[in-house]
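Bear in mind the structure is a predicted one, so any value in this text is a computation, not a measurement. Lettering follows sequence order; numbering is per chain, from 1.
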There are 2 protein chains.
Amino acid sequence: MGQWLSIGALSRATGVKVETIRYYERIGLMPAPLRSEGGHRQFREAELRRLRFIRRARELGFTLDEVRELLKLADGGAPCAEVEVMARAHLTGVRERIADLQRLAESLAHLTRRCERVDTSAVCPLIDDLFGD
Amino acid sequence: MGQWLSIGALSRATGVKVETIRYYERIGLMPAPLRSEGGHRQFREAELRRLRFIRRARELGFTLDEVRELLKLADGGAPCAEVEVMARAHLTGVRERIADLQRLAESLAHLTRRCERVDTSAVCPLIDDLFGD
DNA sequence: CCTTGAATCTGTAGCCACTACAGGTTCTAG
DNA sequence: CTAGAACCTGTAGTGGCTACAGATTCAAGG
């Protein structure tokens with residue numbers, strides 16, 4: 001009943017799974033928290049904020065390494081310009097992935113459209129296409 | 001100099017890396033090929049066609065399990081309807097991923113836009129946002 | 001025929017970001 | 001005091017490769 005959260009409470013508060021929290025600690029993304037007599041983790045406000053930050057950055061698609069970088073910038077006073085550079089680079093990457101997937105969806109749609117026109121169970125043009133030279 | 005390809009030649013012919021070809025064999029996606037006296041793999045037309053099929057299906061974003069399924073269908077005469085079902089399901093998945101990424105790009109664009117408006121090196125609104133409750 | 005060096009062989013470990021156990025200990029409510 | 005929920009550590013698995021290390025085999029040139 002103090003000012004701390006158990007790992008389960010922190011998990012509920014952030015939406016990050018218990019195992020993942022321990023994983024983040026293991027890889028040094030989260031600091032080692034205080035412990036109870038018996039060895040249970042006790043988290044405080046700072047850790048809650050940090051973990052929320054991590055979760056949101058992950059939701060924006062940053063890799064853990066990028067999150068690490070972002071946290072370093074944040075901890076170091078965060079010159080906005082540098083953060084923006086990272087975010088923009090990331091955005092560019094995301095847009096490229098979207099473009100890739102769109103091309104892919106295009107191809108798939110095209111292939112399935114060809115499938116539609118085959119009466120019942122002839123040789124599938126999609127399969128044929130994948131095999132063709 | 002017969003009718004077979006070495007693993008390197010197959011790799012060049014398909015664009016699939018040598019290690020990946022061996023990996024596909026290990027997981028049973030490619031059949032175990034003939035071997036030379038000394039133990040080197042000897043691939044023939046059938047394997048070339050199969051590997052090309054795999055590569056193209058992978059380019060369309062199918063998982064290896066889906067590729068396996070597709071190959072089973074292809075080997076079994078391929079009733080076009082079933083193939084179409086798989087392809088459509090896959091297409092739906094791809095479109096969902098595109099939608100997810102677009103939402104993500106939207107958020108990122110929004111955040112970086114807010115960054116732009118900060119003069120020089122104030123507290124970064126992007127970082128702030130990720131920390132906020 | 002012999003040598004050189006490129007290609008190939010097997011087996012194992014690493015990557016990312018978790019997730020899922022197993023087998024034990026601690027905490028908390030009744 | 002006790003039951004059982006929550007927690008602990010450590011290890012292994014996921015997908016789809018990729019990257020070694022250290023040994024062997026192959027093809028071409030002399």
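We find that CZ of A/Arg35 is positioned 12 Å from P of C/dC27, with the value rounded to whole Å. Atom pair B/Ile7:CD1 and D/dC26:P shows a separation of 14 Å (rounding to whole Å applied). Following rounding to the nearest Å, B/Leu5 (CG) and D/dA27 (C1') show an atom-to-atom distance of 16 Å. Distance CZ (B/Arg26) to C1' (D/dA19): 12 Å, rounded to an integer number of Å. Distance CD1 (A/Ile27) to P (C/dC16): 9 Å, rounded to an integer number of Å. One atom, CD of A/Glu25, and another, C1' of C/dT19, lie 17 Å apart when rounded to the nearest Å. Between A/Glu59 atom CD and C/dA17 atom C1' the separation is 15 Å, expressed in whole Å. Atom NZ in B/Lys17 sits roughly 5 Å away from atom P in D/dA19 (whole-Å rounding).
Contact between B/Gln42 and B/Glu47 at its shortest, heavy atoms only, is O-OE2, 4.3 Å. Nearest heavy-atom pair across B/Arg56 and A/Leu130 is NH1-O, 3.1 Å.
Considering only the side chain of B/Glu19, D/dT18 comes nearest among D/dG16, C/dT10, D/dT18. In this structure, the nucleotide among C/dC18, C/dC27, D/dC17 sitting nearest to the side chain of A/Tyr23 is C/dC18. Minimum atom distance to the side chain of B/Leu64 is reached by D/dG16, of the listed C/dA17, D/dT9, D/dG16. In this structure, the nucleotide among C/dT19, D/dC7, D/dC26 sitting nearest to the side chain of A/His40 is D/dC7. Here the nucleotide nearest the side chain of A/Ser36, chosen from C/dC27, C/dA17, D/dG16, is C/dC27.
Across B/Leu5, B/Leu34, B/Leu10, a single residue satisfies side chain to side chain contact (heavy atoms under 4.5 Å, CB included) together with B/Arg44, and that is B/Leu34.
Checking A/Glu37 against A/Asp65, the closest nucleotide of DNA chain C that is more toward the 5' end is the one next to A/Asp65. Between B/Phe62 and B/Gly39, the residue anchored closer to the 5' end of DNA chain D is B/Phe62, taking for each the nucleotide with the nearest heavy atom. In terms of position on DNA chain C, the residue among A/Gly38 and A/Arg22 whose nearest nucleotide sits closer to the 5' end is A/Arg22.
Side-chain nitrogen and oxygen atoms of B/Thr63 include none within less than 4.0 Å of the OP1 or OP2 phosphate oxygen of D/dG15. Within the structure, a side-chain polar atom (N or O) of A/Ser6 is placed less than 4.0 Å from OP1 or OP2 of D/dC7.
Using a 4.0 Å heavy-atom criterion, one finds that B/Arg41 contacts the sugar-phosphate atoms exclusively. Residue contacts for A/Tyr24: at a heavy-atom cut-off of 4.0 Å it reaches the sugar-phosphate backbone alone, with no base atom in range.
The aromatic rings of B/Phe53 and A/Phe131 sit tilted, their planes meeting at an angle between 30° and 60°.
A/Glu82 contributes atom CD, which lies 11.5 Å from atom SG of B/Cys115 (distance to the nearest 0.5 angstrom).
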